[in-house]
Structure formats: C-alpha cells, structure tokens
There are 2 protein chains.
Amino acid sequence: MKVSTKRRKVRRGRPLKTDAAPDMRERILDAAEDHFSRHGFWGVTVREVAQEAKVDTALLHYYFNTKRGLFDAVFERRAEIINKERSDSIDAYVKSAGSAITVEGVIDAFLQPILQRAATGDQRWHNYFALIAQVNNTPVWGGETMGRTFDNVIHHLIDALRKALPDVSEEELYWSYHFLSGALTLTLSQTGRIDRLSEGVCKSSDFEAIGRRMAPFIASGFERLCKPQTAKRKKIP
Amino acid sequence: MKVSTKRRKVRRGRPLKTDAAPDMRERILDAAEDHFSRHGFWGVTVREVAQEAKVDTALLHYYFNTKRGLFDAVFERRAEIINKERSDSIDAYVKSAGSAITVEGVIDAFLQPILQRAATGDQRWHNYFALIAQVNNTPVWGGETMGRTFDNVIHHLIDALRKALPDVSEEELYWSYHFLSGALTLTLSQTGRIDRLSEGVCKSSDFEAIGRRMAPFIASGFERLCKPQTAKRKKIP
DNA sequence: GCCAATAATCATCAACTGATGAATAAATTC
DNA sequence: GAATTTATTCATCAGTTGATGATTATTGGC
C-alpha cells in the first residue's frame, strides 16, 4: 500500500506569466528584511529566508549571488525612498522658513519623514529602521555601510543647519549630529528597553510621543554646543 | 623516514599548580570579549574563541555550558565594575553639590567613569563598550539583557536627576534618558562613522573631545524637555 | 597514601551552512 | 517554429557548527 507521504510536487522551470504571483525578488527581500532586522547578518541563514519566502535557496543566489549581496540589497531598497523624503523635507522647510530658519525647524524637517513612516505601524518599515539601528552600532563594517548609504543626506542636513547656525565650528556640528544619530537609531531599534525601564510609563512603539520630544531635545543640545556661548551657565561659587 | 609533522603534543589533565599560567577562565573571557564585541553573538564561533584563548573548545563548555552562557558571562564581568563606579560617582556629586545640584552635574558624574575608562585607551574596555552598544540596539533580546544588567544604576541616575528637576514628569524624564542612552552607546560603538562623515574633523577615538561635549549637549536637552516651559522659544510671527 | 573532585584535552557527532551545477519549463527573440 | 534567454527547483557538496562523553593528569581532603 502506497501511502502518499511524498512531499508536495512543486512546479519547476520558469513560472507562467499568467500566474499573478508577487514578484519573487521582492518577496525574498521582504523575508530577508524581516529576518535580518531581528537577528542581524550573522543570526540569519539563507535557508530561513528562503523558507519564509517559500522559494528554493538557489533562487536567492540566482538574484543576489551571496548572502552579503542579499543583505546589501535589503539595506539599499528603502534607503533610496527615505533619503529622498528627508532631503525634500529639509529643502521645503529651508525654502518656507527663509531668514526665520531655526535649528529645531531643520531637525524637525529631517526627522518627520522617518517618524511618520514609523508611526503608520507598517511592520516592514519598523523592521527596516531596526536594521539601520543595528548597522549603525556594528563595528568593523557598520560605519562603512552607514556612510555609503546615508552620508549624502546627512551632508544635506548639515548644510541646512549651517544656515541656522552662522559661524558654527565644524567640529561642534559633527559631534552634535553624532549624538542625534545615536538617539534616533536607538529609538528606532524598538528593543523594548524603555518600556521595561519606565515600567510602562513610556512605550517604545509610541512614535507620536517621540515625535513631540525628539526635535526639541536634540535642537537644544545643538544650540548649546554650536552657538557662541551667549547662554553660558553661571557657576555658583 | 619519519618526518615530524605530528602536531605539538599538548599536556592533558589538570595543570600543575606551579604553572604560572593565567587563569584559564579569564583568558577565555578576554578572548570571547574580543570576538563578541567585533562581530556580535552570532558572528562568532566557539572555535574562534577557543583558538584565541589557546584552549580546547570543550573547556569553554566546561566553564560556561553554552555559547550563550559564555556571552552572558562576558557581558556581566565588567558591568559590575562600571556600575559601581557610576553609582559612586553620582552619590559623590549629589553629596558635594547639595542644593546647588544641576542636571549637567548629575549627567557629567554619570558619564565620567565611562568616558575616563574609554580615554585610557585600554582596548579591552573599548571592546566591552562596543559590545554594550550592539546589545543596546539588538531587538528580541537586547532590551531584556540591557535591563537586567543596567536598570539598577539607571534608576539611581534618574533619582538623582529628579532632585535637580523638581516636579518633573516621569514621561519626560524617561524619554530624555532614552535619548542619552542612544547618544552614549553610539559614541562607544566606535564604528568610525563620524570620522568618515566629517572627513577627519572628528575622531571617534577622541574621548576627551566627547567628554567635553556630551554632558552639556544632553543636559541641555533634558532641561528643555523636563523643565516647566520657562524658556519657551518665542515664535517669530 | 588512597580517593574523590577538579581541570584540562581528545575524538567525534549529527545537524547545519553557503554555495553551485544540472535539470526543467516558460517566455522572448528572430 | 527553432533557438536563446530567463526563472525556477533539485540534488548535493565540502566545510563548519555547538556540543558531549571518554580520557588523562593533578590537587586536596581525610
């Protein structure tokens, strides 16, 4: 008696054009993003990704050659979108503000596209932001990858900040951005640390709460470091 | 002709007490710290660690049971040291400042032990801090690990900040700390991003430069968020 | 001086890893 | 409509992985 324990026969060869199947390449990228964002490059196997995307592992190599190629493709896909949005947002603010340009305005314009995408609750963008957070804090290759992907937009941000901070020193400007970058990426990494630490008072998923606080906090730091010491604290003797 | 290609015979069994060998357990932890800090939990194999420590892989399992056990031991070893230093530093400042306590003073007291250890150039502490940075931005288990290891000291910090910020809202306080945590850990992660972005103007290894800027930047943000809006910026109409 | 506990290496395992050449089938080109 | 290109699965490989039971040698307690 032949029991049908044979595994489901999967069609081989190029798929029918009429198959309204979603683009396989995108499906692989979605699955990879999901896994990489949760476990990082080394914590994921190509098999896990292939399984979630419901394709053979060979297909990943067909499209992306190597595991690293797949990772890079994931990292770049949404970067193009968010970089354009941030760049446009800064330009729009600088144009509308004119000579009334402020540090907080620039930073808010820079942050809004990210925080709004995060606030929609779209899990795929959440995952992507968590991935950025990990890469930003990854030694050896994280700095290189972040730079390659985001330096253009960051220089755009810094140019706008220079307009709001006449005669600012380059050093103060870059260090201030560094603190901004750290605060932003930890916020996007969604580890639940703040929920636990605050015993529920703050929720790491509450991007509206973050949106109201982040720009003022960071702008205040920028002004303290980057403006000539008009507001130097008087020491109590 | 017997050519001596046999590999070096290694002594078996418990080592002689007279062997002035460094404590094997510590040697394994050093090697593990070195690797985990650079490549994260999944990017390291127990073989690599064993090889650097010049011991058999079985010895890692003898002392730490599992790879995760080894990782946790690495993470906890220096945490105890740095937590005590930070806690003591905050206490000393609060005591010496009395009623003249300031936000910047508290934050500076909190940061100094870390930045000083980083400034000595001790590679092992550098590695450890880079490890914290990665864990802080690791989804799934990073928040839990950070909380378990550091929440005590952070609550100590937040208690001190409450003294400098009467009637502060809990929510503002915790979000402000979150931004501090992100800025600090990215700074400690030493990815070289800032060096590249600033084209050499800032160096991520220049902890003296960081030490001068971080407390003012962060304290300024805290005051902006946590103080009743006495200094609310007047909007230009 | 015997014996249990300790600290180490050896030898090996079953499972997993990234990758690839071959096979297959549809689409496109000419 | 034949030939080439594209997209997919199949079958498999050589190397790596975390882990462990067996073995060996020394220490420390009685």
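Every chain is numbered from 1, with letters handed out A, B, ... down the list of sequences. Keep in mind the model is a prediction, meaning the values are calculated, not measured.
- Separating the CG atom of Leu59(A) from the P atom of dA22(C) is a distance of 19 Å, rounded to the nearest angstrom.
- Both tests hold for Arg68(A) against Phe41(A): distance to the six-membered ring centre under 6.0 Å, angle to the ring axis within 45°.
- In terms of phosphate contacts, His61(B) brings no side-chain nitrogen or oxygen within less than 4.0 Å of OP1 or OP2 of dT20(D).
- The Thr45(A) side chain lies nearest to dG18(C) when the options are dT8(D), dA19(C), dG18(C).
- Atom pair Ile28(B):CD1 and dT9(C):P shows a separation of 8 Å (rounding to whole Å applied).
- Along DNA chain D, the nucleotide nearest Asn65(B) and the nucleotide nearest Lys54(A) are compared for position; the residue whose nucleotide lies closer to the 5' end is Lys54(A).
- When heavy atoms are screened at a 4.0 angstrom cut-off, Val49(B) is found touching no nucleic acid atom at all.
- With rounding to whole Å, Arg68(B) atom CZ is found 17 Å from dT17(D) atom P.
- Atom CZ in Arg25(B) sits roughly 14 Å away from atom P in dT6(C) (whole-Å rounding).
- Heavy atoms of other residues, nucleotides or ligands lying less than 6.0 angstrom from CD of Gln123(B) number more than 12.
- Taking atom CG on Asp56(A) and atom C1' on dT12(D), their separation rounds to 12 Å, with Å as the unit.
- Ring planes of Tyr128(A) and Phe75(A): tilted class, angle from 30 to 60°.
- Of all nucleotides listed (dG21(C), dA19(C), dA7(D)), dA19(C) comes nearest to the side chain of Thr66(A).
- Between Tyr62(B) and the phosphate of dA7(C), there is a side-chain N or O to OP1/OP2 separation shorter than 4.0 Å.
- Protein atom OH of Tyr63(A) is 13 Å distant from nucleotide atom C1' of dT9(D), rounded to whole Å.
- Of the candidates dA7(C), dT20(C), dC13(D), the closest approach to any side-chain atom of Arg47(A) belongs to dC13(D).
- Between the side chain of Asn136(A) and the backbone N or O of Arg193(B) there is no donor-acceptor pair closer than 3.5 Å.
- Considering only residues two or more places apart in sequence or on other chains, Ser204(A) meets the side-chain hydrogen bond (donor to acceptor under 3.5 Å, both in side chains) condition with Asp195(A).
- In the helix from dG1(C)-dC30(D) to dC30(C)-dG1(D), the end axes, each obtained as the rotation axis mapping the C1' atoms of four pairs onto the next four within a five-pair block, lie 10° apart to the nearest 10 degrees.
- The backbone N or O of Ala109(A) lies less than 3.5 Å from a partner atom in the side chain of Ser89(A), making a donor-acceptor pair.
- Between Leu60(B) atom CG and dT17(D) atom C1' the separation is 13 Å, expressed in whole Å.
- Leu70(B) has its CG atom 10 Å from the P atom of dA19(D), to the nearest Å.
- Residue pairs satisfying the side-chain hydrogen bond (donor to acceptor under 3.5 Å, both in side chains) criterion with at least one member in residues 35-61 of chain A, sequence neighbours excluded, are listed as follows: Asp34(A)-Arg38(A), His35(A)-Glu52(A).
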